[in-house]
Amino acid sequence: MGRAIGILGFGTIGRQLLTSIRERTVSASTVRIFDRHPDRVESSIDPASPANVVAVRSFDRLVDVDLVVEAAGQGAVREYAVDILRAGCDLVTLSVGALADRTLREQVIETAEQTGQTVFVPSGAIAGLDAITAAGNSDLESVSLTTTKPPNGIAGAPYLDSHGIDVHEITEPTTVFEGSATEAAEGFPSNINVALALSLAGVGPERTTVRIVADPDGQRNVHRIAVSGAMGDIETTVRNDPSPTNPKTSYLAVLSAIELLRDDRTVQVGT
Ligand SMILES: NC(=O)C1=CN([C@@H]2O[C@H](COP(=O)(O)OP(=O)(O)OC[C@H]3O[C@@H](n4cnc5c(N)ncnc54)[C@H](O)[C@@H]3O)[C@@H](O)[C@H]2O)C=CC1
Ligand SMILES: O=C([O-])CC(=O)C(=O)O
């Protein structure tokens, strides 16, 4: 039967999630979907589709569910995350970069503690959060992420605009940003949410270092993680194919959200 699931944001990830529910990879008793462009949801829901898939026109009508998957953007996390938890829903957040804001992060964590709800942060487009979280049970010395994307995977990011960088003019692989996960998530809100996910698994947003490289000849979104600690070293690299409908979003991020929502596993693998 499954839980009642709310989808906040009906773009690349939201749509694929609905497909997985329809194909029963993810089980859900009811699906409620809210997007700031409600027509896009309504026109995609076939009138012949089961009555348990409902397009809603307001946030208030979304949260009549057990769990909300946010796949909308950092603005939506700022606007709705606390209210989702207060409404008694668990939260899966893809735009986790919003939690670079310490005040919001603390508010979300405190609200989850008070309400007894859980905030889930999918691994998204990166690998190794299981091992890094486990390694955190002892001392971690350093956690870093190097992300290489084709220009159209980062174009339009506020950091590039404010530094006068036109990624379409770059002719060879070029580092366009170096800084903390906090600065990365703020400067590249639609491109590097993975940095915040990594930081929450490891040493926190301020101590996690991030480098972003624009590669004019690259086709893939490549995320390299390097961790050192008392357990030794961890290195992971994922060479992601972008999603067909959004070059900024790697296909693995979509699959990760789907995997997190599966509740049919008798054997749980990984920490
Ligand atoms: N954690 C991770 O590994 C990854 C996270 N992401 C993030 O996940 C989010 C979703 O990604 P996609 O599906 O590719 O994006 P998308 O751009 O394809 O779809 C986003 C949808 O959300 C809607 N939306 C935006 N703001 C809204 C609001 N305030 N209220 C209601 N609806 C709103 C838009 O109208 C759009 O339909 C993005 O923030 C993206 O940066 C993407 C890839 C990896
Ligand atoms: O999909 C990716 O490669 C990573 C991404 O956009 C994000 O973390 O926001």
Side-chain angles (χ1 to χ4, degrees), residues 6-19 32-44 55-63 68-81 83-84 92-100 119-129 145-150 152-158 181 184-201 210 212-213 215 218-225 237-260:
I7 299 177
L8 171 57
F10 196 58
T12 299
I13 295 175
R15 283 170 193 266
Q16 191 63 47
L17 196 50
L18 179 62
T19 301
R32 301 175 82 81
I33 309 172
F34 173 59
D35 192 284
R36 66 179 168 193
H37 299 292
D39 319 352
R40 288 185 195 164
V41 187
E42 286 156 11
S43 62
S44 304
V56 299
R57 282 198 158 243
S58 74
F59 172 76
D60 292 345
R61 296 200 57 219
L62 173 73
V63 288
V68 172
V69 182
E70 171 281 315
Q74 291 194 12
V77 177
R78 280 192 285 277
E79 199 173 346
Y80 300 122
D83 288 342
I84 289 168
V92 177
T93 180
L94 271 301
S95 311
V96 61
L99 303 187
V119 178
F120 296 94
V121 177
S123 302
I126 53 176
L129 296 194
L145 170 69
T146 301
T147 289
T148 303
K149 287 198 175 195
N152 66 358
I154 51 174
E186 287 168 358
F188 295 81
S190 304
N191 320 90
I192 193 94
N193 289 284
V194 287
L196 233 286
L198 171 65
S199 75
L200 295 178
V210 178
I212 301 176
V213 179
D215 180 359
Q219 307 292 324
R220 290 175 150 179
N221 298 326
V222 182
H223 301 294
R224 289 192 184 83
I225 292 172
T237 301
V238 183
R239 295 184 182 84
N240 287 288
D241 282 327
S243 304
T245 53
N246 186 351
K248 295 178 191 151
T249 292
S250 301
Y251 184 44
L252 182 63
V254 182
L255 299 176
S256 163
I258 291 168
E259 178 59 25
L260 192 143

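Every number for a ligand or one of its atoms is a count from 1 in the order of the listing.
The closest approach between a heavy atom of Ala71 and any atom of ligand 1 is below 4.0 Å. No heavy atom of Gly75 sits closer than 4.0 Å to any atom of ligand 1. No heavy atom of Lys248 sits closer than 4.0 Å to any atom of ligand 1. Heavy-atom distances between Gly97 and ligand 2 stay at or above 4.0 Å for every pair.
When atom types are taken as modelled, the side chain of Gln16 and the backbone of Val254 share no donor-acceptor pair closer than 3.5 angstrom. Between the Asn240 side chain and the Asn221 main chain, a donor and an acceptor come within less than 3.5 Å of each other. The main-chain N or O of Lys248 is never found under 3.5 Å from a side-chain atom of Asn191 such that the two would form a donor-acceptor pair. Under the 3.5 Å distance criterion, the side-chain polar atoms of Glu70 are matched with a main-chain donor or acceptor of Gly73. Panel note: side chain Ser44, backbone Arg40; a donor-acceptor pair is recorded below 3.5 Å.
Contacts of Thr147 with ligand 2, taken as heavy-atom pairs under 4.0 Å, are absent altogether. At a heavy-atom cutoff of 4.0 Å, ligand 1 is contacted by the side chain of Ala253 but not by its backbone. Here Ser250 has heavy atoms under 4.0 Å from ligand 2 in both its backbone and its side chain. Contacts between Pro242 and ligand 2 below 4.0 angstrom, taking non-hydrogen atoms only, are absent altogether.
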Please lay out, stage by stage, how Ser123 and Ser256 fare under the test side chain to side chain donor-acceptor pair (under 3.5 Å).
CA-CA 6 Å; Ser123 302; Ser256 163; 4.8 Å; no
For Ile7 and Arg15: C-alpha separation, side-chain torsions, deciding distance, then whether side chain to side chain contact (heavy atoms under 4.5 Å, CB included) applies.
CA-CA 9 Å; Ile7 299 177; Arg15 283 170 193 266; over 6 Å; no
Residue pair His37, Asp39: steps toward the side chain to side chain contact (heavy atoms under 4.5 Å, CB included) verdict:
CA-CA 6 Å; His37 299 292; Asp39 319 352; 5.9 Å; no
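Taking any N or O of Gln74, backbone or side chain, none lies under 3.5 Å from an N or O belonging to ligand 1. An N or O contact shorter than 3.5 Å links Ala125 to ligand 1 by distance. When only interatomic distances are considered, the shortest N/O to N/O separation between Ile13 and ligand 1 falls below 3.5 Å. Considering backbone and side-chain N/O atoms, Arg36 comes within less than 3.5 Å of an N/O atom of ligand 1. The shortest N or O to N or O distance between Asp35 and ligand 1 is under 3.5 Å. Backbone and side-chain nitrogen or oxygen atoms of Asn191 are examined, and none is located within less than 3.5 angstrom of a nitrogen or oxygen of ligand 1. Residue contacts with ligand 1: Tyr80 is placed with no nitrogen or oxygen under 3.5 Å of a nitrogen or oxygen of the ligand (distance criterion only). Backbone and side-chain nitrogen or oxygen atoms of Lys149 are examined, and one is located within less than 3.5 angstrom of a nitrogen or oxygen of ligand 2. Considering both main-chain and side-chain atoms, Ala125 never comes within under 3.5 Å of ligand 2 through any nitrogen or oxygen pair.
The protein heavy atom nearest to atom 42 (C) of ligand 1 is Thr249 OG1, 3.4 Å. Among protein heavy atoms, the minimum distance from atom 18 (O) of ligand 1 is reached at Thr12 N, 2.9 Å. Considering only non-hydrogen protein atoms, atom 6 (O) of ligand 2 sits nearest to Lys248 O, 2.8 Å. Among protein heavy atoms, the minimum distance from atom 25 (C) of ligand 1 is reached at Ala72 O, 3.3 Å. The protein heavy atom nearest to atom 9 (C) of ligand 1 is Ser95 OG, 3.4 Å.
Atoms of ligand 2 lying under 4.0 Å from at least one heavy atom of Asn221, given by number and element, are 3 (O). Distances below 4.0 Å separate heavy atoms of Phe10 from the following atoms of ligand 1: 21 (C), 37 (O). Listed by atom number, the atoms of ligand 1 under 4.0 Å from Arg40 heavy atoms are 35 (O), 37 (O). Every atom of ligand 2 is numbered from 1 in the order shown, and the set under 4.0 Å from a heavy atom of His223 is 2 (C), 3 (O), 4 (C). Shown in contact with Gly73 at under 4.0 Å from a heavy atom are these atoms of ligand 1, numbered in order with element: 39 (O). For ligand 2, the atoms sitting less than 4.0 Å from at least one non-hydrogen atom of Thr249 are 1 (O), numbered in the order shown with element in parentheses. For ligand 1, the atoms closer than 4.0 angstrom to any heavy atom of Ser190 are 41 (O). Close approach to Ala76 involves these atoms of ligand 1, each under 4.0 Å from a residue heavy atom: 28 (C), 29 (N). Near His37, meaning under 4.0 Å from one of its heavy atoms, ligand 1 places the atoms 35 (O). Against a heavy-atom cut-off of under 4.0 Å, Asn193 is close to the following atoms of ligand 1: 1 (N), 5 (C), 6 (N), 7 (C), 40 (C), 41 (O).
When the options Val254, Asn246, Asn221, Leu94 are ranked by their closest heavy atom to atom 5 (C) of ligand 1, first place goes to Leu94. In this structure, of Gly11, Pro247, Gly9, the residue bringing a heavy atom nearest to atom 19 (O) of ligand 1 is Gly11. Among Asn246, Asn191, Asn193, the residue whose heavy atom lies closest to atom 5 (C) of ligand 2 is Asn191.
The side chain to side chain contact (heavy atoms under 4.5 Å, CB included) with Arg32 is formed by just one residue from the set Leu62, Val41, Val63; it is Leu62. Checked against Leu94 for a side chain to side chain contact (heavy atoms under 4.5 Å, CB included), the options Leu260, Leu8, Val69 give a single hit: Val69.
A heavy-atom distance below 4.5 Å is found between the side chains of Leu145 and Ile192. With a 4.5 Å cut-off on side-chain heavy atoms, Leu200 and Leu129 do not count as touching. Considering only heavy atoms from C-beta on, Leu18 comes within 4.5 Å of Phe10 through its side chain. Counting only heavy atoms from C-beta outward, the side chains of Ile212 and Lys149 never approach each other to under 4.5 Å. Here the side chains of Arg224 and Thr148 are in contact, with some heavy-atom distance below 4.5 Å.
Salt-bridge check for Arg220 with Asp241: passed, with a basic side-chain N closer than 4.0 Å to an acidic carboxylate O.
More than 12 heavy atoms of other residues, nucleotides or ligands sit less than 6.0 Å from atom CZ of Phe59.
Note that CD of Glu79 and CD1 of Ile84 are 10.0 Å apart. Values are rounded to the nearest 0.5 Å.
Pairing each heavy atom of Val77 with each of Ser95, the nearest pair is CG2-O, 3.6 Å.
Ser243 and Thr249 form no side-chain donor-acceptor contact under 3.5 Å, judged by distance and modelled atom types alone.
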